[in-house]
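Counting begins at 1 with the first residue of the sequence.
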Amino acid sequence: MHLCLLHYDTCTSLCKDNMACCSSLLRLMILPVAFAVLVIASVAHGAVVEHTFNVGNLSISRLCQPEMIITAVNGQLPGPTINVTEGDTVVVHLVNESPYNMTIHWHGVFQRGSQWADGPSMITQCPVGPSDNYTYRFNVSDQEGTLWWHAHISFLRATVYGAIVLNPRAAAPFPAKPDTEHVVLLGEWWNANVVDLERMAFLTGIPARNADAYTINGKPGDLYNCTAANQTEVFRVRRNETHLLRIINAALNTPLFVKVAGHGFTVVAVDASYTTPYATDVVVIAPGQTVDALMVADANATASPGGRFYMAATPYDSAVPSGPPFSQTTATAVVEYVGEADDAVPPVLPARPDYNDTATAHRFWSNLTALVLPGKPTVPLAVDTHMFVTVGLGVSDCQPAQLLCNRSAPPVFSSSMNNASFVAPTAISLLEAHFSNASAGVYTRDFPDTPPVVFDYTGDESDNATMQFTTKSTKVKTLRYNETVEMVLQNTRLIAKESHPMHIHGLNFFVLAQGFGNYDEATAAPLFNLVNPQERNTIAVPTGGWAVIRFVANNPGMWYMHCHFEAHIEFGLAMVFEVLDGPTQETSLPPPPADLPRC
């Protein structure tokens with residue numbers, strides 16, 4: 001049965017769950033504007049979970065600095081957790097009481113039938129202005145595990161973010177049933193207004209400075225030069241119990257190593273996709289990614305007489321030969337054993353990887369495999385479209401809107417995919433232009449399948465002014481419904497080699513292989529995992545290397561693909577897939593909701 005949402009009860013009473021009826025009502029726009037209509041093509045069989053997100057100012061202090069004003073949801077940092085069961089429908093009323101434009105992206109949610117709710121500013125919607133509101137409605141069928149939500153405009157996701165917990169209807173296929181679970185949200189903190197930082201970076205063409213600290217659940221921990229109370233998160237555990245850690249990297253620009261002194265992990269899912277259980281003493285997680293890991297509270301009591309162990313999050317700096325400055329610090333939380341903890345005894349700190357420990361990062365990311373389950377998607381074996389896409393940094397001319405850009409100096413910092421540096425439209429969202437057949441002057445359908453020139457992508461000699469230069473455009477790649485795409489993502493040496501976390505909205509993909517240097521099909525193809533490749537929505541492309549992903553374009557709409565380093569997406573490391581309608585109403589893009597924000 002298809003679930004029609006028109007203030008829920010209204011639609012079902014008028015249409016008796018008839019999809020054609022609901023669609024016709026919306027197309028005729030005969031419904032009151034106060035009601036947003038949305039046709040959910042997925043099979044809905046759960047409850048309606050409703051939240052109100054009041055986005056506004058929050059006065060807060062970190063690192064012993066004077067209180068400052070940040071933008072937050074419901075006066076919380078992080079924001080509220082959305083806890084649902086597979087098949088539920090989520091309704092979130094966004095009330096924007098902040099001074100800034102706002103959108104919310106539901107990172108990793110497929111949005112089948114609810115494409116207008118995906119959230120990236122000017123891709124699927126115009127932003128919600130100050131003193132305005134908008135209601136997001138979407139279904140979470142066929143997804144289990146951990147995802148998250150965040151602002152998708154400016155740098156506001158630095159403080160506007162939270163977890164999405166997708167509980168299975170049956171028991172999860174874990175090797176052990178967890179006794180309890182904890183959300184572990186990793187972030188970055190600036191002693192500054194992040195909107196001002198982003199605005200100045202754009203106006204000048206100079207990337208914003210690095211964060212002042214890393215955080216765990218919004219708190220930096222004990223190792224910073226600050227003794228203020230309530231700055232360290234505490235996870236209370238009982239001996240021999242199994243704990244499910246839902247780890248999310250919400251940092252703007254930094255991959256992180258996560259360790260807990262005296263404990264190991266068993267990874268059981270990434271990006272809300274189950275994995276073959278993988279034992280490790282360190283979790284490596286790039287911005288945008290999630291990891292579900294079991295941790296047994298079985299630490300040797302003599303290792304910490306005080307029954308307290310640090311959880312440590314440290315940065316992974318992948319840039320070669322060097323990247324922008326980063327905070328060489330450690331965020332901490334405390335894992336505290338109930339009945340054993342002694343506050344007088346300092347917690348034990350784990351040994352931490354070196355900041356540039358690419359070997360450890362690659363070992364973790366490349367060793368994960370999928371847990372193949374009956375009825376779940378498997379990697380497609382036939383490919384319709386092959387793409388080879390370079391991802392990296394560069395330079396470009398100042399844009400007209402970059403008012404503080406030094407136009408007499410050499411070109412300014414930029415980034416691109418296949419030498420196309422993406423610029424979002426300003427007058428209409430891409431999804432609205434697509435739906436209205438009004439692409440002229442908004443976007444072009446010529447995103448290239450290959451780079452404009454073939455070169456030594458990772459060689460030092462390629463890093464010259466000619467190869468670094470890129471131009472701005474709004475190019476999309478058009479795909480037929482159900483088209484299978486294989487994409488090679490190739491990092492380049494231009495300016496610096498770096499591991500870019502590449503995220504695709506609206507679709508999951510399978511990671512067939514990954515490695516270092518220039519991609520060579522002859523040697524890489526025999527290594528493809530076509531049996532149980534990991535399934536993700538965000539992949540950290542190896543620094544100075546490549547990754548091969550494969551996906552089915554089974555979701556009509558406009559789907560953003562971009563680097564999840566905020567410093568790179570604003571300078572153009574992005575593109576968009578335009579997925580055309582399928583043959584039926586259920587496989588076609590529904591009309592926009594009546595309350596969709598206008599530009």
Side-chain angles (χ1 to χ4, degrees), residues 120-126 152-154 198 201-205 207 385 387-403 405 407 410-455 457 465-479 485 487-492 494-495 500 502-506 553 557-580 599:
S121 177
M122 303 312 299
I123 308 300
T124 60
Q125 68 167 96
C126 298
H152 212 305
I153 186 169
S154 184
E198 184 274 335
F202 173 77
L203 290 174
T204 61
T385 296
M387 301 180 70
F388 185 100
V389 179
T390 55
V391 293
L393 310 177
V395 296
S396 62
D397 289 332
C398 296
Q399 299 178 64
Q402 291 181 293
L403 301 179
C405 185
R407 286 171 166 76
V412 296
F413 182 80
S414 191
S415 55
S416 67
M417 299 176 66
N418 272 354
N419 206 43
S421 187
F422 185 82
V423 178
T426 57
I428 185 175
S429 75
L430 291 180
L431 191 59
E432 290 175 276
H434 164 82
F435 180 79
S436 304
N437 293 318
S439 62
V442 181
Y443 65 90
T444 58
R445 295 182 171 93
D446 57 346
F447 182 84
D449 287 347
T450 57
V453 296
V454 176
F455 63 101
Y457 305 109
T466 299
M467 298 305 302
Q468 289 178 359
F469 191 79
T470 183
T471 55
K472 300 294 182 178
S473 60
T474 309
K475 297 182 178 183
V476 309
K477 170 67 176 178
T478 303
L479 301 172
V485 178
M487 176 185 285
V488 177
L489 293 165
Q490 174 71 61
N491 181 223
T492 71
L494 305 182
I495 297 186
H500 296 276
M502 301 303 297
H503 170 53
I504 303 182
H505 291 224
M558 300 293 272
W559 300 116
Y560 210 10
M561 182 177 189
H562 61 84
C563 178
H564 224 277
F565 289 156
E566 213 68 31
H568 293 171
I569 185 175
E570 73 163 347
F571 286 112
L573 216 171
M575 56 84 66
V576 171
F577 286 109
E578 178 184 46
V579 181
L580 303 179
C599 290

*Any side-chain donor-acceptor pair under 3.5 Å between Ser414 and Ser421?*
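Yes - a donor-acceptor pair under 3.5 Å links their side chains.
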pair [X]-[Y]: side-chain heavy atoms closer than 4.5 Å:
{"X": "Met417", "Y": "Met561", "answer": "yes"}
{"X": "Val485", "Y": "Met387", "answer": "yes"}
{"X": "Val423", "Y": "Gln399", "answer": "yes"}
{"X": "Met558", "Y": "Val476", "answer": "yes"}
{"X": "His505", "Y": "Phe577", "answer": "no"}
{"X": "His152", "Y": "Ile569", "answer": "yes"}

*What pairs with Phe202 under ring-ring contact (aromatic ring centres under 6.0 Å, His included), at least two apart in sequence or on another chain?*
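Phe202 satisfies ring-ring contact (aromatic ring centres under 6.0 Å, His included) with no residue once adjacent residues are dropped.
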Over all atoms of both residues, closest heavy-atom pair of [X] and [Y]:
{"X": "Gly394", "Y": "Ile495", "result": "O-CD1, 3.3 Å"}
{"X": "Val442", "Y": "Ala433", "result": "CG1-CB, 3.9 Å"}
{"X": "Ala424", "Y": "Met122", "result": "CB-CB, 4.2 Å"}
{"X": "Ser396", "Y": "Lys472", "result": "OG-CE, 3.5 Å"}
{"X": "Gly392", "Y": "Leu573", "result": "O-CD1, 3.9 Å"}
{"X": "Leu430", "Y": "Pro425", "result": "CD2-CG, 3.8 Å"}

Between [atom1] on residue [X] and [atom2] on residue [Y], distance to nearest 0.5 Å:
{"X": "Glu570", "Y": "Ser154", "atom1": "CD", "atom2": "OG", "result": "8.0 Å"}
{"X": "Ile123", "Y": "Leu431", "atom1": "CD1", "atom2": "CG", "result": "10.0 Å"}
{"X": "Phe565", "Y": "Ser415", "atom1": "CZ", "atom2": "OG", "result": "11.5 Å"}
{"X": "Asn418", "Y": "Thr390", "atom1": "CG", "atom2": "OG1", "result": "4.5 Å"}
{"X": "Glu432", "Y": "Thr124", "atom1": "CD", "atom2": "OG1", "result": "9.0 Å"}
{"X": "Thr478", "Y": "Phe447", "atom1": "OG1", "atom2": "CZ", "result": "12.0 Å"}

*Ring centers of His500, His564 separated by less than 6.0 Å*: no
*Taking the six-membered ring for Trp, is the centroid-to-centroid distance between Phe422 and Tyr560 below 6.0 Å?*
yes
_Show, in sequence, the C-alpha distance, side-chain angles and deciding distance for Val453 and Met467, and conclude whether the side-chain contact (heavy atoms from CB on, under 4.5 Å) test is met._
CA-CA 9 Å; Val453 296; Met467 298 305 302; 3.7 Å; yes
*Please step through ring-ring contact (aromatic ring centres under 6.0 Å, His included) for the pair His562 and His568, ending with a clear verdict.*
CA-CA 9 Å; His562 61 84; His568 293 171; over 10 Å; no
*Set of side-chain contact (heavy atoms from CB on, under 4.5 Å) partners for Ser473, sequence neighbours left out*: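 Expected list: Ala420, Lys475.
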*Kindly determine whether Leu203 and Gln402 satisfy side-chain contact (heavy atoms from CB on, under 4.5 Å), including the steps that lead there.*
CA-CA 4 Å; Leu203 290 174; Gln402 291 181 293; 5.6 Å; no
*Please work out which of the three classes, parallel, tilted or perpendicular, describes the rings of Phe388 and Tyr457, given edges at 30° and 60°.*
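It falls in the tilted class, 30° to 60°.
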*In sequence, state the C-alpha distance, the side-chain angles, and the governing distance for Lys477 and Asp449, and then conclude on salt bridge (charged side-chain N to carboxylate O under 4.0 Å, His left out).*
CA-CA 8 Å; Lys477 170 67 176 178; Asp449 287 347; 2.9 Å; yes
_Using the rule given for side-chain contact (heavy atoms from CB on, under 4.5 Å), can you reason through Phe455 versus Thr492, listing the C-alpha separation, both sets of side-chain angles and the distance that settles it, and then say yes or no?_
CA-CA 10 Å; Phe455 63 101; Thr492 71; 4.3 Å; yes
*When you look at Trp559 and Glu578, which way does the side-chain contact (heavy atoms from CB on, under 4.5 Å) test go after all the steps?*
CA-CA 7 Å; Trp559 300 116; Glu578 178 184 46; over 6 Å; no
